[in-house]
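Notes follow the structure.
Since the structure is predicted, the reported quantities are computational estimates derived from the model, not experimental observations. Excluded from the calculations below are hydrogen atoms, water molecules and symmetry mates; all remaining heavy atoms, backbone and side chain alike, are included.
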Amino acid sequence: MDKNTEKDTGQLLDGKLLAQMAQGGAALLRSNAEEVNRLNVFPVPDGDTGDNMRMTIESGIAALEKVDSSDLAEVMKTLSHGMLLGARGNSGVILSQLFAGMAKGFDNCEKADPTAIGHALTLGVKQAYNSVMTPTEGTILTVARESVEYAVARITSESTIRSFFADLVKEMNASLNRTPDLLINLKEAGVVDSGGAGLLYIMDGFNRILNGEEIKSEPLPTNEKKPLDLSGFTADSEMTYGYCTELLLQLQNSKVDAESFNNDIITEFLCGVGDSVVSFKTGTIVKIHVHTLTPDKVLAFCRQFGEFLTVKIENMSVQHSELPPEEKPAAAPAVSTEKKKYGMVAVASGKGIADTFLELGVDTIVEGGQTQNPSTNDFLDAFAKVNAEHIFVFPNNGNILMAAKQAAEIYENAAIHVIESKNLGDGYVAICAADFDCDDAAAIAESFKEAMANVTTGNVSPSIRDAELNGVQIKNGDFIGFVGKQMLTSNKEITDTTHALVDKMLENGEKFMLTVFCGKDCTAEAKADLEGYLADAHSDIEAYFIDGDQDVYPFIFVAE
């Protein structure tokens, strides 16, 4: 609804009310995030949809802390932008795109009636669908679309925003319960779609706040920092490490052309006064990180172009004195002002896996994987650390692809090539095959895809519930083995599962090499048993064992 044509026909949605509703939606999801996590098709302890969606909307809520406005367009834009940067997992990215479309629908709206809200949600659904290359019905997309279509169709001259959201939540619940009829894997597992469930909790929270309810939610656990020991830096100390300086700089049109500002100016300056440089521009905001002995020069230089939203300066000599010697990090290498042609970023969960990727030539590791999906902003930070013209990104998890692609669309300082590595094996084999002698980045990207074409990745994990998948009977506590979305075996003993899974992965005789990543829960006995079994039953296979230190999966097999 345009500001100039708005008619006050009763309660309207404004910015302050939207902020309260968003906080209510986040609170209700927070209270039920673990329940959403458990709506996992595979009975594996790696469900993270609830956490991904919670952290996505809470990133938007955090952004709203800097806004005190009743203007609906301004609040919605801020909420959406925060969610965009904080989006995690496919469900979180889809959620952020839903809100991004709503923000477009509310453009120039100071307040909105049911018709305007319905229009914004319709645009949100359209943008959410467009964000997925091959939309699948029976997911969060269906739940959003069907509920919005239902609520919009019921709008009359007598409708209020309360009646609109009541209709929306009613149909959202009904649509969610129909998802198993649309996706056979949901029906087999006896669950509804987890992303749709997360969206229902958010919108139900919106609805409850709208109706005057108070939503109580337990605060998230926080790791309280102990007070700094300032005795490590005295009147006689010498500054060794410098200052960790972090800024959010809002470019100002009164100083520069904020939209077209070339951030290379700031990056080059930072490289001249410090190291561990991260500097990238998102919209009209520049995020800056640098280790420097002269933070005052950084502040003075950057203020030529805008004003600070946040400033954090910490004495790293004090930070280092807090850590035991074995935990003190090595200084990060300085970012060269001269860009190289190619660089690589990879997602890894587990120190051993991360170290392996670094040894293979990866420039920067994004920490994450199952249960800890990185956000869009995490990828943006990683891209900024790789000073290259072309950056190849390996998400190594199908649930991380969309966040990587969303970051690639935002980042402006390099050409980002997201290689669709959907598991550890894909990424490992592709990175092993990296050859940067070619001048054609597209050809290199294609070579990565070709390398991944013949790899098979299998996982072993404990089961967290009874289930029947792909004809395999599973008991809670069994060890299960699967490849992709195909369940292959389930046994009480981990040794029986590893044997059966390896047999199935190698049965066609086309594989000649097997890399075994051993996780945190891999025992010495289970590893020794597997080594012996491979030597006896598959003596023609070259087997390599790597201590991956990954969570969730005691063994990950990569056959090629």
Side-chain angles (χ1 to χ4, degrees), residues 40-48 348-357 359 368-372 396-397 423-429 432 455-509 511-560:
N40 192 10
V41 172
F42 273 19
V44 179
D46 66 353
D48 50 17
S349 175
K351 185 178 185 302
I353 295 174
D355 289 345
T356 299
F357 283 161
E359 290 170 4
Q370 292 301 139
T371 74
Q372 47 179 337
N396 300 332
N397 185 312
N423 52 59
L424 171 63
D426 285 350
Y428 174 66
V429 171
C432 284
V455 63
T456 301
T457 302
N459 301 275
V460 173
S461 169
S463 171
I464 58 171
R465 70 169 184 271
D466 293 351
E468 180 181 351
L469 294 172
N470 196 39
V472 177
Q473 295 286 341
I474 301 167
K475 295 293 184 183
N476 185 16
D478 279 359
F479 285 93
I480 56 178
F482 53 95
V483 171
K485 296 182 178 180
Q486 185 178 22
M487 184 65 62
L488 296 178
T489 184
S490 175
N491 298 279
K492 185 176 181 180
E493 300 296 333
I494 189 172
T495 52
D496 293 334
T497 294
T498 56
H499 297 177
L501 180 59
V502 166
D503 288 346
K504 290 181 180 294
M505 291 178 65
L506 302 177
E507 63 184 356
N508 62 12
K511 307 298 183 184
F512 62 90
M513 183 183 299
L514 185 72
T515 304
V516 183
F517 288 90
C518 301
K520 289 181 179 178
D521 297 324
C522 172
T523 64
E525 292 78 10
K527 180 180 178 181
D529 172 86
L530 180 58
E531 289 174 331
Y533 182 76
L534 289 172
D536 292 339
H538 299 282
S539 58
D540 57 329
I541 295 294
E542 293 184 46
Y544 301 91
F545 284 75
I546 296 175
D547 290 329
D549 201 36
Q550 71 270 10
D551 291 316
V552 181
Y553 307 112
F555 291 105
I556 299 177
F557 299 114
V558 181
E560 52 183 310

So, does [X] use its side chain to make a donor-acceptor pair with the main chain of [Y] at under 3.5 Å?
X	Y	value
Asn470	Met487	yes
Thr497	Phe479	yes
Asp478	Ile480	no

How close do [X] and [Y] get, heavy atom to heavy atom, and via which atoms?
X	Y	result
Leu488	Leu501	CD1-CD1, 3.8 Å
Ala559	Met505	CB-CE, 3.9 Å
Ala500	Thr489	CB-OG1, 3.5 Å
Asp48	Gln372	OD2-N, 4.3 Å
Ser490	Ile474	OG-CA, 3.8 Å
Asn476	Ile464	OD1-C, 3.0 Å

With the threshold set at 4.0 Å, does a side-chain nitrogen-carboxylate oxygen contact exist between Lys351 and Asp355? yes
Looking at [atom1] of [X] and [atom2] of [Y], how far apart are the two atoms once the value is rounded to the nearest 0.5 Å?
X	Y	atom1	atom2	value
His538	Glu507	NE2	CD	9.5 Å
Leu514	Ile541	CG	CD1	7.0 Å
Thr457	Glu560	OG1	CD	9.5 Å
Asp551	Ser461	CG	OG	11.0 Å
Gln550	Leu424	CD	CG	7.0 Å
Thr456	Asp426	OG1	CG	9.5 Å

Kindly indicate whether the side chain of [X], heavy atoms from C-beta on, has any atom under 4.5 Å from the side chain of [Y].
X	Y	value
Ile494	Thr523	no
Phe482	Asn459	yes
Leu469	Lys485	no

Parallel, tilted or perpendicular, as decided by the 30° and 60° cut-offs, for the rings of Tyr533 and His499: parallel
Step by step, would you call Asp547 with Lys527 a side-chain contact (heavy atoms from CB on, under 4.5 Å)? CA-CA 10 Å; Asp547 290 329; Lys527 180 180 178 181; 3.7 Å; yes
Do Asp529 and Thr495 have side-chain atoms, one donor and one acceptor, less than 3.5 Å apart? no
So among Tyr553, Tyr428, Phe557, which one has a ring pair (Phe, Tyr, Trp, His ring centres under 6.0 Å) with Phe517? Tyr428
